[in-house]
Amino acid sequence: MDLKALIKSDIKFKKIWESSCKNHRVLYFQIDKDDNGIEAHFHPYGEDHALILEGELTYDISFKEQIVVNKNSLVFGWTNYVHGYHNSNNMPLHILVFATPENNLSVYNQSKLPIQDYTGIRKIEKLDELGLLTTQRIAFSSIPPKGFTDTLMIELESQNIEYGQCRNNDSNNKIYVTFKLSV
């Protein structure tokens, strides 16, 4: 799929990919400055992580802190990690969100704050140095993962996304996303 064409379109939300078990999906969002974005929330049973395709993401942390994340960076919404997505810039923000599982309940109530296990890792800015980062449910890698045959591959420069078998001769300008089948 050509993500550049999607970015140029008027589409604000689209499901890009979903696993056959329907527990894993990749969602596309365009968030403009005047939009509400995705309010600060947490997932007691799932995760969502975002790759910034274009623009500048203002990422809410724990209802009280914000960081700014730019193109080709990843941010992490771990299980029970308070996070939200906003655009404070005049240019449109385009992101891919990797979400799992299917019933990824979101809680927007600040009075029900969770215990946060993952407060140290907030963003990865240099994907070429990513190596392998594994959350409870998803593995992100800058090199083709071993032991997996089917993986989502995102070509950062051309902004293409495809699902298929990893090849050893793939360029190093890709990010590989593998959803874990069980936790």
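Atom-to-atom distance recorded for Leu3:CG and Leu96:CG is 5.5 Å, nearest 0.5 angstrom. Considering NE2 of His49 and CH2 of Trp78, their distance stands at 6.5 Å, rounded to 0.5 Å. Interatomic distance, Ile61 CD1 to Phe76 CZ, rounded to the nearest 0.5 Å: 12.5 Å. To the nearest 0.5 Å, atoms CZ (Phe140) and CG (Leu152) are separated by 10.0 Å. Atom CZ of residue Phe42 and atom OG1 of residue Thr79 lie 11.0 Å apart, to the nearest 0.5 angstrom. Rounding to the nearest 0.5 angstrom, the gap separating the CG atom in Leu51 from the CD1 atom in Ile161 is 8.5 Å.
Annotation for Leu93 and Asn87: closest pair N-ND2, 3.4 Å, computed over non-hydrogen atoms. For the residue pair Tyr28 and Ile11, the shortest heavy atom distance occurs at CE2-O, 3.4 Å. Asp32 and Pro92 make their closest contact through OD1-CB, 3.4 Å (heavy atoms, listed as atom of the first residue, atom of the second, distance). Of all non-hydrogen atoms in Ala40 and Val82, the two that sit nearest each other are CB-CG1, 4.3 Å. Nearest heavy-atom pair across Leu156 and Asn72 is CD2-OD1, 3.7 Å. Closest non-hydrogen pair, Ile7 versus Gln30, comes out as O-OE1, 4.5 Å.
Ring geometry, Phe98 versus Phe179: the interplanar angle falls from 30° to 60°, so the pair is classed tilted.
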Evaluate side-chain contact (heavy atoms from CB on, under 4.5 Å) for Ile138 paired with His24, printing each intermediate quantity in order. CA-CA 9 Å; Ile138 304 174; His24 316 101; over 6 Å; no
Check the pair Ile38 / Asp48 against side-chain contact (heavy atoms from CB on, under 4.5 Å), numbers first and verdict last. CA-CA 12 Å; Ile38 301 170; Asp48 69 21; over 6 Å; no
Would you check, one step at a time, whether the test side-chain contact (heavy atoms from CB on, under 4.5 Å) holds for Gln159 with His94? CA-CA 12 Å; Gln159 291 187 326; His94 302 273; over 6 Å; no
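A donor-acceptor pair under 3.5 Å is formed between the side chain of His86 and the backbone N or O of Asn36. No donor-acceptor pair closer than 3.5 Å links the side chain of Asp35 to the backbone N or O of Gly37. For the pair Glu47 (side chain) and Gln136 (backbone), a donor-acceptor distance under 3.5 Å is present. For the pair Glu56 (side chain) and Val68 (backbone), a donor-acceptor distance under 3.5 Å is absent. The backbone N or O of Met91 sits less than 3.5 Å from a side-chain atom of Asn89, completing a donor-acceptor pair. Asn160 places no side-chain N or O within 3.5 Å of a backbone atom of Glu155 that could act as its donor or acceptor partner.
For the pair Pro44/Asn80, a side-chain contact is recorded, criterion being any heavy-atom separation below 4.5 Å from C-beta on.
Ring-centre distance between Tyr59 and Tyr85: below the 6.0 Å cut-off.
Atom NZ of Lys12 has more than 12 neighbouring heavy atoms from other residues, nucleotides or ligands inside a 6.0 Å radius.
In this view, His41 and His43, His83 satisfy the side-chain hydrogen bond (donor to acceptor under 3.5 Å, both in side chains) rule, not counting sequence neighbours.
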